[in-house]
Amino acid sequence: MAFIGRCALWVQQGVGAFFEYDTPKIVHIRSKKIGILSRSVQACVIAYVVGYVMVYRKGYQEVDKVVSAVTAKVKGNALTNFTNDELENVRPEWRYLYRRVWDVTDFVVPPIENNAFFVMTNVVITPNQTRGECPEVGVWNCTENINCPPGDTNFKGHGTLTGKCNLTTRTCEVHAWCPVENDLTPLKDRGVLEESKHFTVLIKNQIYFPKFDKQRSNILVSQNESYLSSCSNSEDQPFCPVFTLGYIVEAAGQNYSEIAFKGGVINVDISWSCDLDHDFLSHCKP
């Protein structure tokens, strides 16, 4: 009987709770300070949501990751005609190799790279190398054959020792590509192709937004072949995709003569600001 009584009580309480209705109690506080504080907090929340999130950050917009491809085309040529004094580090019979005209096939190696390009600004030429035996340069100094253990190598060397000492050069002979390369730069304090600072590179960037099926290039519609053949990127022509190598190095805060002599790597960033709420071509520029 006690169990039945408890069950009846639970049913009565459940039915009562189901048909109950609560209303909030509102208290009006007549205080200017609290009222101003309350309205200020509300205004800040509204300003943040509407002004910052919706208007400034454009929170209502969809965002898509861009698919990008970059190609570069280098143009230029240079004439080098160094004197014997300037080429004192080069063997006399090889100096003519540095007196010549250089074009793109000479200084852009390899000719095509993925999202990059390489420009040779300094070079050491060792002509007509063949497999054979020849004296080392700069390492393995010797006075007799005993100083040249056959088969030995040196991480600074160019091959393996033959066991012979060349008494003319006072260095050991090696099995290697002969004649071995002398790492002395042709010019003492500058690159062979320092004039490459006047070479130009056309940087073409193609972007695509898959979600919106929109694509375009950094070459604007108004930029025809005539314009591209004469323009050069600068503060006056910020949308010109043609840059001189000297301008790129200067923009990176480096000295071109030092870069040309010792080499270096420069990263070029292409930044796009695209708002698809408006006309795509006029509101999406690099």
Side-chain angles (χ1 to χ4, degrees), residues 68-92 94-127 137-138 155-156 181-205 218-219 223 227-273 285-286:
S68 175
V70 179
T71 58
K73 185 176 182 179
V74 180
K75 286 186 176 182
N77 53 71
L79 171 65
T80 54
N81 190 22
F82 303 112
T83 65
N84 288 334
D85 291 339
E86 291 176 308
L87 296 173
E88 62 176 321
N89 289 342
V90 180
R91 290 164 59 169
W94 292 352
R95 289 174 183 173
Y96 76 95
L97 296 170
Y98 296 91
R99 297 166 181 153
R100 51 172 291 187
V101 174
W102 306 77
D103 60 18
V104 175
T105 57
D106 297 312
F107 54 74
V108 179
V109 184
I112 299 177
E113 287 190 80
N114 185 29
N115 294 334
F117 64 93
F118 175 85
V119 177
M120 179 184 70
T121 57
N122 208 359
V123 60
V124 175
I125 302 175
T126 307
V137 175
F155 74 95
K156 292 183 178 180
E181 181 180 289
N182 189 342
D183 288 336
L184 287 177
T185 56
L187 307 178
K188 283 187 175 181
D189 55 0
R190 59 193 176 103
V192 172
L193 287 173
E194 187 175 330
E195 290 304 307
S196 58
K197 63 184 177 182
H198 301 300
F199 297 169
T200 62
V201 55
L202 169 63
I203 300 177
K204 186 176 181 180
N205 182 206
N218 64 322
I219 299 178
Q223 296 176 342
Y227 173 80
L228 294 177
S229 64
S230 60
C231 78
S232 179
N233 189 280
S234 63
E235 293 182 358
D236 297 329
Q237 296 178 308
F239 294 113
C240 175
V242 180
F243 301 79
T244 64
L245 299 185
Y247 179 79
I248 293 175
V249 173
E250 181 183 352
Q254 301 297 316
N255 181 279
Y256 196 88
S257 295
E258 294 180 2
I259 290 285
F261 182 61
K262 299 179 180 179
V265 177
I266 294 179
N267 182 65
V268 178
D269 292 325
I270 304 174
S271 177
W272 290 81
S273 178
K285 295 181 178 180

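In this structure, Val119 and Phe117 have side chains that are in contact, with non-hydrogen atoms separated by less than 4.5 Å. A heavy-atom distance below 4.5 Å is found between the side chains of Val124 and Glu181. The side-chain heavy atoms of Tyr247 and Ser232, taken from C-beta on, include no pair separated by under 4.5 Å. In this structure the side chain of Tyr227 reaches within 4.5 angstrom of the side chain of Gln237, judged on heavy atoms. Counting only heavy atoms from C-beta outward, the side chains of Phe243 and Leu202 never approach each other to under 4.5 Å. No side-chain heavy atom of Asn77 sits under 4.5 Å from any side-chain heavy atom of Trp102. Side-chain contact between Thr244 and His198 is absent, with no heavy-atom pair separated by less than 4.5 Å. Looking at Thr121 and Tyr256, their side chains come closer than 4.5 Å, going by heavy atoms from C-beta outward.
Proximity of a side-chain donor or acceptor of Asn218 to a complementary backbone N or O of Asn205 within less than 3.5 Å is detected. Of the possible polar contacts, one joining the Asn115 side chain to the Val70 backbone as a donor-acceptor pair under 3.5 Å is found.
In summary, the side chains of Ser234 and Asp236 do not present any donor paired with an acceptor at a separation below 3.5 Å, with no hydrogens or angles considered.
Put simply, CZ on Phe199 and CG on Asp103 are 9.0 Å apart, with the number rounded to the nearest 0.5 Å. Taken from CG in Leu97 to OG1 in Thr80, the straight-line distance is 10.0 Å, to the nearest 0.5 Å. Rounding to the nearest 0.5 Å places OG1 of Thr185 at 10.5 Å from CG of Leu87.
For the pair Pro241 and Ile219, the tightest heavy-atom approach, listed with the atom from each and the gap, is CG-CG1, 4.0 Å. Nearest approach of Gln254 to Ile259, heavy atoms of both residues: CB-CG1, 4.1 Å. Considering every non-hydrogen atom in both Pro286 and Ile270, the closest pair reads CB-CG2, 4.3 Å. The two atoms that bring Asn233 and Cys240 nearest to each other are ND2-O, 2.8 Å, heavy atoms only. Nearest approach of Phe261 to Leu187, heavy atoms of both residues: CE1-O, 3.6 Å. Residues Asn255 and Val249 approach most closely at C-CG1, 4.1 Å, considering heavy atoms.
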Q.
Please determine whether side chain to side chain contact (heavy atoms under 4.5 Å, CB included) holds for the pair Leu228 and Gln223, giving the CA-CA distance in whole Å, both sets of side-chain angles, and the decisive distance to 0.1 Å.
A. CA-CA 6 Å; Leu228 294 177; Gln223 296 176 342; 4.2 Å; yes
Q) After noting the C-alpha distance and the side-chain angles of Val201 and Leu245, does the key distance pass the side chain to side chain contact (heavy atoms under 4.5 Å, CB included) rule? A) CA-CA 7 Å; Val201 55; Leu245 299 185; 4.1 Å; yes
(Q) Between Ile248 and Ile266, is the side chain to side chain contact (heavy atoms under 4.5 Å, CB included) condition met? List the steps. (A) CA-CA 8 Å; Ile248 293 175; Ile266 294 179; 4.1 Å; yes
Q: Start with the C-alpha gap between Cys231 and Val242, add the side-chain angles, then the distance that decides, and say whether side chain to side chain contact (heavy atoms under 4.5 Å, CB included) holds.
A: CA-CA 7 Å; Cys231 78; Val242 180; 4.3 Å; yes
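In the displayed structure, Ile112 atom CD1 is contacted under 6.0 Å by at most 12 heavy atoms of other residues, nucleotides or ligands.
Ion pairing between Glu250 and Lys197 fails under the 4.0 Å rule for side-chain N and carboxylate O.
No option in Ile125, Asn122, Asn89 other than Asn122 meets the side-chain contact (heavy atoms from CB on, under 4.5 Å) test with Pro186.
Checked against salt bridge (charged side-chain N to carboxylate O under 4.0 Å, His left out), Arg100 has the following partners two or more places apart in sequence or in another chain: Asp106. Glu86 meets the salt bridge (charged side-chain N to carboxylate O under 4.0 Å, His left out) test with Arg190; sequence neighbours excluded.
Taking the six-membered ring for Trp, Phe107 and Phe118 have ring centres at least 6.0 Å apart.
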